[in-house]
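Here the structure comes first, spelled out in structure tokens, and everything after it is commentary.
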Amino acid sequence: DLTSLHWQGATSEDGAHGFYLDDICIREVKDSWKQNGKLRILYWNIQNGMWGDQPDYNNFVDFVKKYNPDICVWCEAKSNHLTGSETSWKNDPYLPDNWPALAARYGHTYTAISRRGTEKFPQAITSKFPIEKLLQIGDIPGGDPILHGAGLFKVSTPRGPAHILTIHLKPNSGLSVAEGEAYRRYEIEQIMAATLNHTDYKNINNW
């Protein structure tokens with residue numbers, strides 16, 4: 001439960017700094033959460049609606065099905081194409097509008113989006129269980145300190161509600177490392193003030 005593994009490239013200024021990771025093997029998985037109260041949650045940044053797997057998403061669906069998560073959160077869950085255009089191409093099932101159909105392919109019946117409209121990099125949440133959106137964070141009069149927004153969702157699992165925060169913090173683009181860290185700290189402070197530290201939510205459990 002306390003083991004983690006971290007990969008990191010050099011810096012974004014180096015140009016090609018991404019990598020593709022496949023064939024992850026989980027050596028030991030304890031009893032299902034249905035017996036011990038645990039959920040399997042997959043939280044991933046899929047980069048502009050998955051440039052590498054448009055338009056059919058077959059590899060993506062196979063990957064998710066392999067790990068059988070109960071809840072998924074996808075950052076950058078909108079089809080922003082390599083050309084910079086948001087126009088559908090090659091019969092692409094345009095996201096985020098088609099998340100219900102895509103999620104159904106890996107066994108999830110319920111979907112929700114953190115923020116629609118002009119947001120280029122929203123978060124999508126999909127689940128085997130009903131989802132209720134409790135709060136949209138970041139839409140404030142006169143400005144938006146949460147660059148890509150954040151959402152608070154309640155997922156009604158068989159063992160009670162699970163409260164999920166979807167977050168995609170501001171990258172360092174156009175900022176120094178120190179400026180980027182300061183902005184992300186500010187975003188986290190705003191998100192915490194609206195959720196765990198807010199009178200409406202601080203007494204709920206299962207975050």
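We're numbering straight along the sequence, starting at 1. These numbers come from a predicted model, not from an experiment.
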Evaluation steps, side-chain contact (heavy atoms from CB on, under 4.5 Å), between Thr195 and Trp207: CA-CA 10 Å; Thr195 57; Trp207 291 88; 4.1 Å; yes
Which atom of [X] lies closest to which atom of [Y], heavy atoms considered:
X: Thr157; Y: Ala162; answer: CG2-CB, 4.2 Å
X: Ser79; Y: Tyr57; answer: OG-OH, 3.6 Å
X: His198; Y: Ala193; answer: CB-O, 3.4 Å
X: Leu196; Y: Lys202; answer: O-CB, 2.9 Å
X: Phe153; Y: Ala112; answer: CE2-CB, 3.6 Å
X: Ser176; Y: Glu179; answer: N-OE1, 2.8 Å

Once rounded to the nearest 0.5 Å, what's the spacing between atom [atom1] of [X] and atom [atom2] of [Y]?
X: Leu95; Y: Ile113; atom1: CG; atom2: CD1; value: 8.0 Å
X: Asn206; Y: Arg159; atom1: CG; atom2: CZ; value: 10.0 Å
X: Cys72; Y: Trp99; atom1: SG; atom2: CH2; value: 8.0 Å
X: Leu147; Y: Phe121; atom1: CG; atom2: CZ; value: 8.5 Å
X: Ile191; Y: Leu135; atom1: CD1; atom2: CG; value: 10.5 Å
X: Ile46; Y: Trp74; atom1: CD1; atom2: CH2; value: 7.0 Å

Do His108 and Tyr106 make the cut of ring centroids closer than 6.0 angstrom?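 Close enough - the centres of the two rings lie under 6.0 Å apart.
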Phe60-Trp44 aromatic ring centre distance below 6.0 Å: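 Aromatic pair excluded; centres sit 6.0 Å or further apart.
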Going by distance alone, is a donor N or O of one side chain under 3.5 Å from an acceptor N or O of the other, for [X] and [Y]?
X: His168; Y: Glu76; answer: yes
X: Arg105; Y: Asn58; answer: yes
X: Lys128; Y: Asn68; answer: yes

Any side-chain to backbone donor/acceptor pair from [X] onto [Y]? Under 3.5 Å, distance only.
X: Arg40; Y: Tyr67; value: yes
X: Gln123; Y: Leu165; value: no
X: Tyr43; Y: Ile167; value: yes
X: Asn45; Y: Gln47; value: yes
X: Asp70; Y: Leu39; value: no
X: Thr166; Y: Gly151; value: yes
X: Lys154; Y: Ile131; value: no

I would like to know whether Glu132 and Leu134 meet side-chain contact (heavy atoms from CB on, under 4.5 Å); could you show each step before the answer? CA-CA 6 Å; Glu132 178 186 355; Leu134 301 180; 3.6 Å; yes
Student check: side-chain heavy atoms of [X] and [Y] closer than 4.5 Å:
X: Leu102; Y: Thr126; value: no
X: Val64; Y: Pro69; value: yes
X: Val73; Y: Ile164; value: yes

Look at atom NZ of Lys133 and say whether more than 12 heavy atoms of other residues, nucleotides or ligands are closer to it than 6.0 Å.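 It does: Lys133 NZ has more than 12 such atoms within range.
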Determine which pairs satisfy side chain to side chain donor-acceptor pair (under 3.5 Å) with at least one residue from residues 184-194, sequence neighbours left out, and list them in order.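 Output for this query lists Asn172-Arg184, Glu181-Arg184.
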